[in-house]
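Basis for what follows: all heavy atoms, side chains included, without hydrogens, waters or symmetry-related copies. Worth saying up front: this structure is predicted, and the values here are computed from it rather than measured. Proteins come first, then strands; the chains are lettered A, B, ... in the order of their sequence lines, and each starts at number 1.
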Amino acid sequence: MVRVRFAPSPTGKVHVGSLRTALYNYLYAKQNNGQFVLRLEDTDRTRYEEGSVDSLLHALYQTKIIPDEGLVLEGNEIGQSGEYGPYIQSERLNIYKKYIQKLLDDGKAYYCFCSKERLDDLREKQKQAGETPRYDGHCRNLSPQEVQTKIDNGEPYVIRLKLPENQIISFQDVIRGDIAINTEDLDDQVLIKTDGFPTYHFAVVVDDHLMGITHIIRGEEWLPSTPKHVYLYQCFGWEEPQYVHLPNILNADHKKLSKRQGDVSVEDFLAKGYLPEALINFLALLGWSPEGDQEIFSLDELVDIFEPERINKSGAVFDREKLNWMNGQYIKKLSDDEMVDKMVPFLLKAGEISSEDVLNKKSWLQKVAQILRERIDYFAQAPEELKAILNPDFVMTDTEEAQQIMAADTVPVLYQALTDKIEAADAEQWNAENAQKMIKSIQKEHKAEKIKGKALYMPIRLMLTGEMHGPDLALIMDVLGKDECLKRLRAYQTHHSL
RNA sequence: GGCCCCUUGGUCAAGCGGUUAAGACACCGCCCUUUCACGGCGAUAACGGGAGUUCGAUUCUCCCAGGGGUCACCA
């Protein structure tokens, strides 16, 4: 039975790198009919951020990386489900107490009364001497009596792991193979802090074992401390899990992707109108690739073809361009209704449409959405893309080229012809097809003036939208409607006295 | 600095001793087209370096270099 877990800390919004870790865990669990557990590692109360559990759950549920066990969403409430709870580490303090006692009894851990000042001082001296900062074992061999006296005196203490000297600890990583580290290069890690909370290194081992976790799929930054975890498993006589250390996700500068450099949280990407499916698809292929050339995969397909053995060893740069492309692929496949649903919030927020429009102009919105579909990578681009069409108070582009086009002596003729046609048009029959016919008929009727091609379309485009570029003119006219077209034409005329 | 991990085009990557070293994104060019976008076609572009092993190394071994991670009572 495969059991995996995703165990983030509630320290803010969920990072896309974390989402990838969660995804790989999820994929592996699903393809093996195992369980995907969500546990909260909240042993550092100083870093706790309000609301992060909420955003964690929502990020996971929106992207469909839904936990089978542990922290789950029950309706809109956060709950815990499963037989191995509690799944929040701060609720498991008594459990850690029990297991640390066993370590203490076996002489595998010891009390340490060193003050923060002494430790800082020590570290500083070691650094200056060019040595690797490391605990010097000051309290390693205190007698039970000394320990008892200090505890009775109320001296604060931590409990440290008593690492054996000069011993090789080795383990297997599914991606990287054999890894061996000498305990001389490791520190007597603090297991229990002064406040009685466990550190990550202790809690993770106890919990993973107690929760029956078989595979630990996590970020590469944990690789150097894994020997400590392995040693703890050995101390307890527990079966070690399989380790899978994922390569980092990098910035363009090849540094670890960090919050300092733009948006990196799942929430940010979704808020920009990236589709959850696309984000998942992109993340899945960052650091892993299946056989073959296919690149667009649903979550279910990913479950089928995921192979941890094919995960790459080296870090992968998070390429926004490729994500944009992929998201665009997903947008192109959206239905009209889905397009409208996704697009509307962004247009509303930008004030390009009103909530009345949303209620009353469904088919109109669908036309707008169709125009939009092939033109954006993510929905936050929608207002800008549609601005020239939706905003009646657009500003005319004043490039030299545009001015030249509008200075042509065919423009007044064209203006008049178009205005006449539109006025004569049946508002009931107003659509893209008829708009196109209108333009074509102008071309036919003004062969003599050579009003065709660019000289025909570009002035119309400029008069109606103020822009030289944009969607098909007939589509624009359709969306604008008869009255708005006339209004814009006349506005142009009054401003430029044709 | 110690330790650990990594190293194929700008980016993601395939490759697992013998290949004209895939494919995708980006970039550039052409086509489609009233413009832009979409789409289609095409071009440029890579095995970090040095020793081995081998008939033959991108692929195996070692060394070096470069990059990253980690050295907390943070995870």
Side-chain angles (χ1 to χ4, degrees), chain A residues 7-11 41-44 46-47 89 112 114-116 119-120 123 126-127 129-135 156-160 173 175-177 179-182 184-187 189-201 203-204 218-227 245 247-248 250 252-256 282 285-296 310 312-326 328 332 371-376 385 405 439 443 452-462 465 467-474:
Chain A
S9 294
T11 56
E41 312 228 320
D42 62 341
T43 54
D44 183 0
T46 63
R47 292 210 310 158
Q89 289 186 329
C112 170
C114 293
S115 68
K116 184 126 176 47
L119 259 19
D120 288 346
R123 218 184 333 266
Q126 288 172 326
K127 265 188 192 168
E131 296 167 25
T132 303
R134 208 180 155 212
Y135 182 62
Y157 61 84
V158 301
I159 299 173
R160 287 181 184 273
D173 184 274
I175 302 175
R176 288 155 220 277
I179 294 171
I181 295 182
N182 192 308
E184 295 304 300
D185 297 315
L186 260 25
D187 211 350
Q189 185 58 233
V190 170
L191 264 19
I192 300 289
K193 301 183 259 186
T194 309
D195 62 6
F197 277 66
T199 58
Y200 171 85
H201 303 285
V204 77
R218 73 207 327 180
E220 162 178 55
E221 65 272 22
W222 294 111
L223 208 46
S225 48
T226 303
H245 285 97
N248 279 325
L250 276 20
D253 65 1
H254 288 263
K255 296 270 168 24
K256 217 168 138 181
F282 176 72
L285 262 31
L286 206 54
W288 169 79
S289 68
E291 269 185 271
D293 282 345
Q294 189 180 336
E295 287 200 288
I296 305 294
R310 288 182 66 95
N312 280 64
K313 292 177 165 76
S314 52
V317 172
F318 188 98
D319 184 1
R320 257 314 253 283
E321 296 284 355
K322 180 121 188 188
L323 170 62
N324 284 349
W325 170 80
M326 189 167 278
K332 286 182 187 71
I371 286 180
L372 193 63
R373 181 182 282 109
E374 308 261 292
R375 309 184 68 82
I376 54 166
E385 189 62 40
I405 287 167
I439 298 173
Q443 179 179 334
K452 62 175 184 184
K454 224 171 169 176
L456 169 65
Y457 286 88
M458 205 43 87
I460 301 180
R461 178 179 294 284
L462 278 163
T465 68
E467 296 288 339
M468 303 235 326
H469 308 303
D472 184 87
L473 243 190

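Taking atom C1' on both nucleotides, B:G48 is separated from B:G66 by 7 Å, rounded to a whole Å. The C1' atoms of B:G9 and B:U44 are separated by 10 Å, rounded to the nearest whole Å. Spacing of C1' atoms, B:U20 relative to B:A65, comes out at 31 Å, to the nearest Å. Comparing the same atom, P, in B:C47 and in B:G42 gives a spacing of 25 Å after rounding to whole Å. B:C73 and B:C12 have their C1' atoms separated by 40 Å, with the value rounded to a whole Å. B:A45 sits 34 Å from B:U53 when the P atoms are compared, rounded to a whole Å. Taking atom C1' on both B:C55 and B:G49, the two are 25 Å apart, rounded to the nearest angstrom. Taking atom C1' in both B:A46 and B:U11, the straight-line distance is 12 Å, to the nearest Å.
B:C36 atom C1' lies 7 Å from atom CZ of A:Arg461, rounded to whole Å. Taking atom CE of A:Met458 as the reference point, atom P of B:U35 lies 7 Å away to the nearest angstrom. The OH-C1' distance, from A:Tyr200 to B:C71, rounds to 16 Å in whole Å. Distance CH2 (A:Trp222) to C1' (B:C74): 8 Å, rounded to an integer number of Å. For the pair A:Leu285 CG and B:A14 P, the computed distance is 10 Å after rounding to whole Å. At whole-Å resolution of the value, CD1 in A:Ile439 and P in B:U35 are 13 Å apart. Separating the NZ atom of A:Lys127 from the P atom of B:G2 is a distance of 15 Å, rounded to the nearest angstrom. The separation between A:Met326 atom CE and B:A26 atom P is 11 Å, rounded to whole Å.
B:G39 and B:C31 make up a base pair, with Watson-Crick or G-U wobble contacts both under 3.5 Å. With a 3.5 Å ceiling on both atom-pair distances, the Watson-Crick or G-U wobble partner of B:C25 is B:G10. Figure legend. B:G2 is base-paired to B:U70; pairs are counted as Watson-Crick or G-U wobble with both atom distances under 3.5 Å.
Look at A:Lys193 and you'll find a side-chain N or O under 4.0 angstrom from OP1 or OP2 of B:C74. In terms of phosphate contacts, A:Arg373 brings no side-chain nitrogen or oxygen within less than 4.0 Å of OP1 or OP2 of B:G39. At B:C36, none of the side-chain N or O atoms of A:Arg375 fall inside 4.0 Å of OP1 or OP2 (strictly under the cut-off). Look at A:His245 and you won't find any side-chain N or O under 4.0 angstrom from OP1 or OP2 of B:C4. Between B:U70 and A:Lys256, a contact under 4.0 Å exists linking OP1 or OP2 to a side-chain N or O. Between B:U8 and A:Lys313, no contact under 4.0 Å exists linking OP1 or OP2 to a side-chain N or O. One finds a side-chain N or O of A:Arg160 lying less than 4.0 angstrom from the OP1 or OP2 phosphate oxygen of B:C73. Applying the 4.0 Å criterion to OP1 and OP2 of B:G1, one finds that A:Thr132 has every side-chain N and O outside that range. Dashed line: the shortest gap from a side-chain N or O of A:Lys452 to OP1 or OP2 of B:U34 is not under 4.0 Å. Residue A:Ser314 has no polar side-chain atom (N or O) positioned under 4.0 Å from OP1 or OP2 of B:G68.
As judged by a 4.0 angstrom heavy-atom cut-off over every strand, A:Asp44 is placed among residues touching the sugar-phosphate backbone only. Among the protein residues, A:Leu473 comes within range of the nucleic acid bases, having at least one heavy atom under 4.0 Å from a base atom. A:Arg176 comes within contact range of the sugar-phosphate backbone alone, with a heavy-atom separation under 4.0 Å but no base atom that close. Residue A:Val190 is classed as a sugar-phosphate contact, given heavy-atom separations below 4.0 Å to backbone atoms only. Looking at heavy-atom distances under 4.0 Å, A:Gly287 makes contact with sugar-phosphate atoms alone, never a base. When heavy atoms are screened at a 4.0 angstrom cut-off, A:Asn312 is found touching the sugar-phosphate backbone but no base atom. At a threshold of 4.0 angstrom between heavy atoms, the contacts of A:Arg310 are confined to the sugar-phosphate backbone, with no base atom among them. Residue contacts for A:Lys332: at a heavy-atom cut-off of 4.0 Å it reaches the sugar-phosphate backbone alone, with no base atom in range. When heavy atoms are screened at a 4.0 angstrom cut-off, A:Ser289 is found touching the sugar-phosphate backbone but no base atom. If you check every strand for non-hydrogen atoms under 4.0 Å, A:Thr43 touches sugar and phosphate atoms only. Heavy atoms of A:Met468 sit under 4.0 angstrom from at least one base atom.
Residue order along RNA chain B, read from the 5' end via each residue's closest nucleotide, puts A:Pro471 first among A:Arg47 and A:Pro471.
The aromatic ring of A:Tyr457 sits over the base of B:U34, with ring centres less than 5.5 Å apart and planes tilted by under 30°.
Residues A:Val317 and A:Ala252 approach most closely at CG1-CA, 3.9 Å, considering heavy atoms. Here the closest heavy-atom approach between residue A:Pro156 and residue A:Thr194 is recorded as CB-CG2, 3.7 Å. In this structure, A:Arg176 and A:Glu220 approach most closely via the heavy-atom pair NH1-OE2, 3.4 Å. In terms of heavy-atom proximity, A:Ile192 sits nearest to A:Pro198 at CD1-CA, 3.9 Å. Between A:Gln89 and A:Thr43, the closest heavy-atom pair is OE1-CG2, 3.4 Å. In terms of heavy-atom proximity, A:Arg461 sits nearest to A:Glu467 at CG-O, 3.1 Å.
Here the nucleotide nearest the side chain of A:Asp185, chosen from B:U34, B:C73, B:G2, is B:G2. Which of B:G69, B:A72, B:C38 sits closest to the side chain of A:Glu374 comes down to B:C38. Comparing B:C73, B:C4, B:G68 against the side chain of A:Leu223 picks out B:C4 as the nearest. With distances taken from any side-chain atom of A:Glu221 to the nucleotides B:C4, B:C25, B:A75, the minimum falls on B:A75.
Taking the six-membered ring where the residue is Trp, A:Tyr200 and A:Trp222 present parallel rings, their angle staying beneath 30° rather than reaching 60°.
Checked by atom type, the side-chain pair A:Thr46/A:Asp44 shows a donor-acceptor distance below 3.5 Å.
At distances below 3.5 Å, at least one donor-acceptor pair connects side-chain atoms of A:Thr199 with backbone N or O atoms of A:Val190.
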